[in-house]
Amino acid sequence: MSLQDFINDAISPWMNDEGQDSDIVLSTRIRLARNLKQVPFPTSGDQSSQEKVLEHIEQEFNNQSYEDFKKFQLVKMADIESVEKRVLVEKHLMSPNLAENSQTGAVLISENEQASVMINEEDHLRIQLYYPGLGLSEALQQAQKLDDWFEERTRYAFNEEKGYLTSCPTNVGTGLRASVMMHLPALTMTNQMTRMAPEINKLGLVVRGIYGEGSEALGALYQISNQMTLGKSEEDIIQDLQSVVSQVIESERQSREWVMQQSGIQLEDRIFRSYGVLAHSRIIESKEAAKCLSDVRLGIDLGLIKNISKTILNELMVLTQPGFLQHYAKKSLQPAERDWFRANLIRERLQLEQY
Amino acid sequence: MLCQNCQEQEASVHYTQVVNGQKKEMHLCEQCAQGEGYMDFANENLSLHHFLTNMFPFDQTKDQTQQQMTSAQTIQCEGCGLTYHEFRHQGKFGCSQCYEAFSDYLDPIFKRVHSGNTEHVGKIPKRLGGNLHKHREINQLQEQMQQKINEEDFEEAANIRDRIRHLKEELHDDHGGES
Ligand SMILES: [Zn+2]
Ligand SMILES: [Zn+2]
């Protein structure tokens with residue numbers, strides 16, 4: 001397989017579309033948790049009821065087409081190898097949790113990979129929908145349509161007072177978790193995220209970042225999502241998240257300008273050093289790769305680096321994970337070998353850009 | 001420091017998140033962190049787990065409510081056999097009937113998790129909720145009507161009143177149908 005073919009295989013078609021505010025927001029996800037009426041939740045451990053759920057979903061939805069999503073294909077955990085599971089997890093089409101349910105777990109995946117429905121994860125159904133960039137209300141609308149389609153052929157566990165009943169009390173009500181993945185290098189560099197995160201938190205939203213040894217979030221990537229699912233309508237949940245995300249976007253843009261004005265040459269140096277590391281290193285561990293990719297992506301957004309496509313951060317973040325590296329290597333790799341392979345893959349990927 | 005997940009390898013990824021104003025720290029080895037998919041959306045379970053550990057408000061008032069709690073612990077859901085004690089331990093329900101079986105003890109939990117809320121106001125399944133939709137619409141219209149009356153816009157208030165009447169008639173006709 002050539003690298004280009006591999007990338008085409010690894011990157012879901014929707015990821016190549018440029019969404020709104022895509023200089024800062026990488027992607028939007030909507031997830032709806034649903035359970036079937038009068039069937040114990042997967043958390044009860046009752047195997048036969050999970051089998052029935054899977055059977056029902058297979059019968060009603062496998063190979064069925066629905067509007068723009070086109071055909072849905074059912075992938076059963078029992079039928080695939082662990083490296084394939086890992087790849088599906090790294091493509092965000094399912095959770096690591098589902099991969100562990102090797103008996104009755106399954107995932108329905110839409111042709112364009114924008115939508116996937118996990119079966120027998122923590123809930124019977126977890127409908128997921130991705131959108132490139134910032135697209136909360138569009139994604140919600142699409143997810144609701146999918147939800148309606150499922151509801152036509154299933155009966156949901158629903159209670160007038162508590163809404164959609166879920167196995168975890170943190171999801172009850174709307175069952176909705178809306179998340180936005182943001183790249184915030186300037187807010188991270190200027191240490192503003194440590195101040196902003198608790199503020200955002202007070203508004204009932206969750207901010208997640210990854211921290212390495214220093215104080216900077218790994219890859220300057222943050223996920224902001226709603227915590228509350230009960231007592232607020234779906235539209236209000238989305239709107240509240242949207243307004244906070246818009247403010248964060250605004251602050252990030254201002255910080256980028258400020259950093260450019262205050263220390264343009266230092267920033268440029270940092271960006272091109274990282275570019276150099278990616279373009280020439282022979283061994284690179286995931287943390288360093290994440291930092292350099294973040295810098296290079298910022299360089300592209302600021303117009304300092306030209307001739308490299310914007311999606312490189314999203315793409316290489318996916319491609320350089322262990323599952324994909326091993327998929328590409330066609331063998332299992334030791335951690336040290338991964339670092340070596342990761343460096344190779346990044347170099348090759350950057351070369352693809354130049355021709 | 002050892003990885004919190006596998007307890008085998010040295011932790012190299014230090015992961016912090018803030019949930020409801022509380023900072024939680026995770027220390028994982030690289031393999032576990034990658035396995036947890038820390039950089040993607042799939043990571044929800046990891047973070048909510050921390051949240052759950054202090055989700056239960058009873059823990060703080062254990063002494064005062066000891067007696068009350070001992071009786072609550074033994075309540076069992078008829079649907080799946082889960083006891084309240086087990087629910088508290090694992091933080092997950094076993095079936096939809098658990099919601100009724102433990103209902104006396106759940107609202108404080110919901111309030112804590114959902115910023116003081118205990119009632120759903122969002123989407124209603126189409127098939128289940130023909131009447132529910134109408135009930136909710138009637139409630140909304142009644143609020144609107146009151147507002148129009150306060151604004152002394154009696155003409156519009158009368159229009160709304162007619163719509164409410166119409167909906168109530170429909171509800172009456174639906175009686176006996178699927179609800
Ligand atoms: Zn570990
Ligand atoms: Zn139960």
Side-chain angles (χ1 to χ4, degrees), chain A residues 29 35 37 40-41 43-44 46 89-90 92 94-97 122 144 148 151 155-163 165 167-170 172-174 176-177 179 181 197-198 201-202 204 206-213 218-219 221 223 227-234 286 317 321-322 335, chain B residues 12-23 25 30-31 33-45 47-48 51-52 55 79-82 90-100 106 109-110 113-129 132 135:
Chain A
R29 188 194 71 157
N35 284 285
K37 202 177 176 178
F41 299 152
T43 42
S44 73
D46 184 71
V89 169
E90 291 173 2
H92 306 189
M94 65 181 216
S95 67
N97 214 15
E122 188 182 286
Q144 299 283 37
D148 293 341
E151 200 216 324
R155 278 171 180 274
Y156 284 153
F158 181 88
N159 160 321
E160 189 174 347
E161 196 193 336
K162 301 298 177 211
L165 304 178
S167 44
C168 185
T170 55
V172 72
T174 58
L176 167 68
R177 188 88 54 219
S179 318
M181 183 72 86
N201 230 255
K202 286 184 192 143
V206 184
V207 184
R208 288 189 205 103
I210 328 309
Y211 296 85
E213 300 298 340
L218 204 58
L221 290 175
Q223 186 188 329
Q227 178 62 60
M228 214 173 115
T229 56
L230 187 66
K232 234 194 221 187
S233 72
E234 288 83 357
S286 60
M317 278 291 185
Q321 298 172 95
Chain B
S12 59
V13 175
H14 307 276
Y15 169 80
T16 306
Q17 63 181 18
V18 189
V19 176
N20 274 6
Q22 283 169 316
K23 215 168 172 184
E25 282 180 16
E30 193 182 348
Q31 279 78 7
Q34 304 257 16
E36 298 284 359
Y38 64 80
M39 266 188 267
D40 63 41
F41 288 114
N43 193 31
E44 207 167 84
N45 294 321
S47 59
L48 286 178
F51 193 63
L52 283 165
M55 183 172 73
C80 66
L82 192 78
Q90 69 184 47
K92 306 274 161 80
F93 295 111
C95 74
S96 50
Q97 286 180 53
C98 290
Y99 280 86
E100 278 141 49
L106 295 178
I109 296 170
F110 292 142
V113 179
H114 301 289
S115 311
N117 291 295
T118 58
E119 271 183 55
H120 178 58
V121 294
K123 188 176 181 179
I124 297 167
K126 282 200 184 103
R127 261 171 64 167
L128 285 174
L132 272 178
H135 280 300

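What you are looking at is a predicted structure, and each value in this text was computed from that prediction instead of being measured. Note on naming: letters A, B, ... go to the chains in the order of the sequence lines (proteins, then strands), and numbering restarts at 1 for each one.
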Original post:
In terms of heavy-atom pairs under 4.5 Å with chain A, which of B:G116, B:C98, B:S96 leads?
Top reply: B:S96

For the residue pair [X] and [Y], establish whether any side-chain heavy-atom pair is separated by less than 4.5 Å.
{"X": "A:D148", "Y": "B:K123", "answer": "yes"}
{"X": "B:T118", "Y": "A:K162", "answer": "yes"}
{"X": "B:H120", "Y": "A:L230", "answer": "yes"}

Original post:
Just by modelled atom types, is the A:V172 backbone N or O under 3.5 Å from a matching donor or acceptor in the A:T229 side chain?
Top reply: yes

Original post:
Is the distance between the ring centroids of B:Y99 and B:F93 under 6.0 Å?
Top reply: yes

Original post:
Tell me, side chain or backbone of A:D46 under 4.5 Å from chain B's heavy atoms, or both, or neither?
Top reply: neither

Original post:
By a 4.5 Å heavy-atom criterion (distance strictly below it), what part of A:K232 contacts chain B: side chain, backbone, both, or neither?
Top reply: backbone

**OP:** Sort out for me which of A:L165, A:T43, A:L176 touches chain B most, counting heavy-atom pairs under 4.5 Å.
**Re:**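 That would be A:L165.
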
**OP:** Heavy atoms only, distances under 4.5 angstrom: which of A:N35, A:T174, A:N159 has the most pairs with chain B? Name it, please.
**Re:** A:T174

